[in-house]
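Below is one structure, written out as structure tokens, with a few remarks after it.
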Amino acid sequence: MNKEKVAVLADSGGDIAPDFVERYGIYVLPLHIMYPEKDYLDGVDIDPMMVYERFPEEYPSTSTPSLAEVQDMFQRIKDDGFEKVIAVTISSGLSGTFNTIRLAASEETDLDVFVFDSKNISVASGMWAIWAAVKLEEGRSFEQITKGMTDKVYDCKVMFYMDTLQYLKRGGRIGNVTSIVGEALKLKPIISCDRNGIYYTVALIRGAKSGKNKLLKEMLKFCQGHSAWVIIGTGGAEEEGKNMLALVDSKMEDKKILFTKQITATLALNTGPGLVGIAALLDP
């Protein structure tokens, strides 16, 4: 039920599971990963396993979709019969994608485009695109959905830990994460995005087992008193992800687990192998 002909657009950094993309007809703009031999499109002709396999010898650069690519996507959306767009991007504090899409939207005369800075990363960003698509299907208006997203922007959060911070540091995306102290004491941070969409340290942990328990404890604290959609994200840590899924399923009460997903190649590049995360959207 989409009387206003509204399309939902996300970037590939939002880590939306393919079956959800297909189910809700979500358009996805791929980010770029540039190796010497080729400029790859994230989720199109490169997968995260290739990135992991080429570590540590190769560390490629990344870039946002170009203005022309966004304009081409808008044209495709118009050709498909849509008149409005809800565009969801990963945090503007971590990527220039929001500004590129906003610029393209400002030059668009035939589409009414709402560009939403999720202030978040990975599945916590993509969850908003799913939320918008679900609300459209339920019959909510463009105005109701965009206002709801703006009002609820801080109701969504992702927390994750990883084996090493070297990839975040190398990519220049360390933000406000504790690094020097943690390394000296062999501690690892649980990381999230603050209200400006910048990485920060939620807690410090020692070892994978305590990491899972602390991560779950912090997420339970965030979700306390609310219903929630939940997604588990992993980075080269499939078994750890299964263990976390079992913990979430047994410990978190009023929740709906949407899916578990290996994070996309762009995010794998900036976090390295050994990542486990949980994202939750309150009162969806």
Side-chain angles (χ1 to χ4, degrees), residues 7-55 58-80 82 85-105 108 111 113-118 120-130 132-133 158 167 171 173 197 231 233-236 259 261-272 275 279:
V8 178
L9 171 66
D11 61 69
S12 64
D15 267 318
I16 305 171
D19 53 337
F20 277 72
V21 171
E22 182 177 356
R23 164 71 177 80
Y24 292 107
I26 298 169
Y27 293 84
V28 180
L29 268 170
L31 305 174
H32 291 251
I33 298 178
M34 292 164 285
Y35 280 100
E37 77 278 4
K38 184 178 178 180
D39 180 353
Y40 291 92
L41 295 177
D42 192 15
V44 177
D45 56 3
I46 187 172
D47 66 59
M49 296 307 127
M50 174 180 168
V51 172
Y52 294 139
E53 288 166 2
R54 295 175 72 161
F55 283 152
E58 295 181 271
Y59 189 90
S61 56
T62 62
S63 73
T64 67
S66 68
L67 181 62
E69 286 171 320
V70 180
Q71 291 169 333
D72 287 346
M73 178 61 78
F74 282 165
Q75 186 60 54
R76 176 184 160 194
I77 288 170
K78 287 186 286 188
D79 291 345
D80 288 344
F82 293 98
V85 180
I86 296 171
V88 180
T89 75
I90 56 176
S91 173
S92 62
L94 299 170
S95 167
T97 308
F98 170 77
N99 288 327
T100 303
I101 295 178
R102 185 171 59 174
L103 176 59
E108 183 56 57
L111 284 174
V113 184
F114 171 74
V115 190
F116 179 67
D117 181 355
S118 70
N120 242 309
I121 195 71
S122 187
V123 290
S125 176
M127 198 180 285
W128 280 117
I130 297 169
V158 64
Y167 300 99
R173 293 173 172 85
I231 300 175
T234 64
F259 53 83
K261 186 181 184 297
Q262 159 67 46
I263 59 174
T264 192
T266 306
L267 299 176
L269 172 63
N270 288 309
T271 56
L275 176 145

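For the numbers below, each heavy atom of this structure counts, side chains included, while hydrogens, waters and symmetry mates do not.
Between I77 and E108, the closest side-chain pair of non-hydrogen atoms is not below 4.5 Å. Counting heavy atoms from C-beta on, the side chains of L31 and P65 come closer than 4.5 Å. In this structure the side chain of H32 reaches within 4.5 angstrom of the side chain of L41, judged on heavy atoms. Under the 4.5 Å side-chain criterion, counting only non-hydrogen atoms from C-beta, P36 is in contact with E58.
T264 contributes no side-chain N or O that, together with a main-chain N or O of L267, makes up a donor-acceptor pair within less than 3.5 Å. Between the D15 side chain and the I263 main chain, no donor and acceptor come within less than 3.5 Å of each other. For D19 (side chain) and E22 (main-chain N/O), no donor-acceptor pair under 3.5 Å exists by modelled atom type. A side-chain donor-acceptor contact under 3.5 Å links S125 to the backbone of T89.
Going from atom CG of D117 over to atom CH2 of W128 covers 12.0 Å, rounded to the nearest 0.5 Å. To the nearest 0.5 Å, atom CG of residue L269 and atom CE of residue M34 are 10.0 Å apart. Separation of atoms CG (D45) and NZ (K38) is listed at 4.0 Å; rounding is to 0.5 Å. Taken from CG in N270 to CG in L275, the straight-line distance is 11.5 Å, to the nearest 0.5 Å. Here the CD1-CD distance, from I101 to Q71, works out to 12.0 Å after rounding to the nearest 0.5 Å. Note: I33 CD1 to D42 CG = 4.5 Å, rounded to the nearest 0.5 Å.
Note: Y167 and Y59 have parallel aromatic rings, judged against thresholds of 30 and 60 degrees for the angle between ring planes. Ring planes of F20 and Y24: tilted class, angle from 30 to 60°.
Contact record, I90 with S122: CG2-N, 4.1 Å, taken as the closest heavy-atom pair. Contact record, Y52 with G272: CE2-C, 3.6 Å, taken as the closest heavy-atom pair. The two atoms that bring A129 and V8 nearest to each other are O-CG1, 3.6 Å, heavy atoms only. Smallest separation of non-hydrogen atoms from A105 and F74: N-CE1, 3.7 Å. In plain terms, the two heavy atoms of A268 and Q262 that are nearest each other are CB-NE2, 4.5 Å. The two atoms that bring V28 and P30 nearest to each other are O-CD, 3.5 Å, heavy atoms only.
Relative to the six-membered ring of Y27, R76 misses at least one condition, a distance below 6.0 Å or an angle of at most 45° to the axis.
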_Test log, rule side chain to side chain contact (heavy atoms under 4.5 Å, CB included), inputs F259 and V123_ = CA-CA 10 Å; F259 53 83; V123 290; 4.2 Å; yes
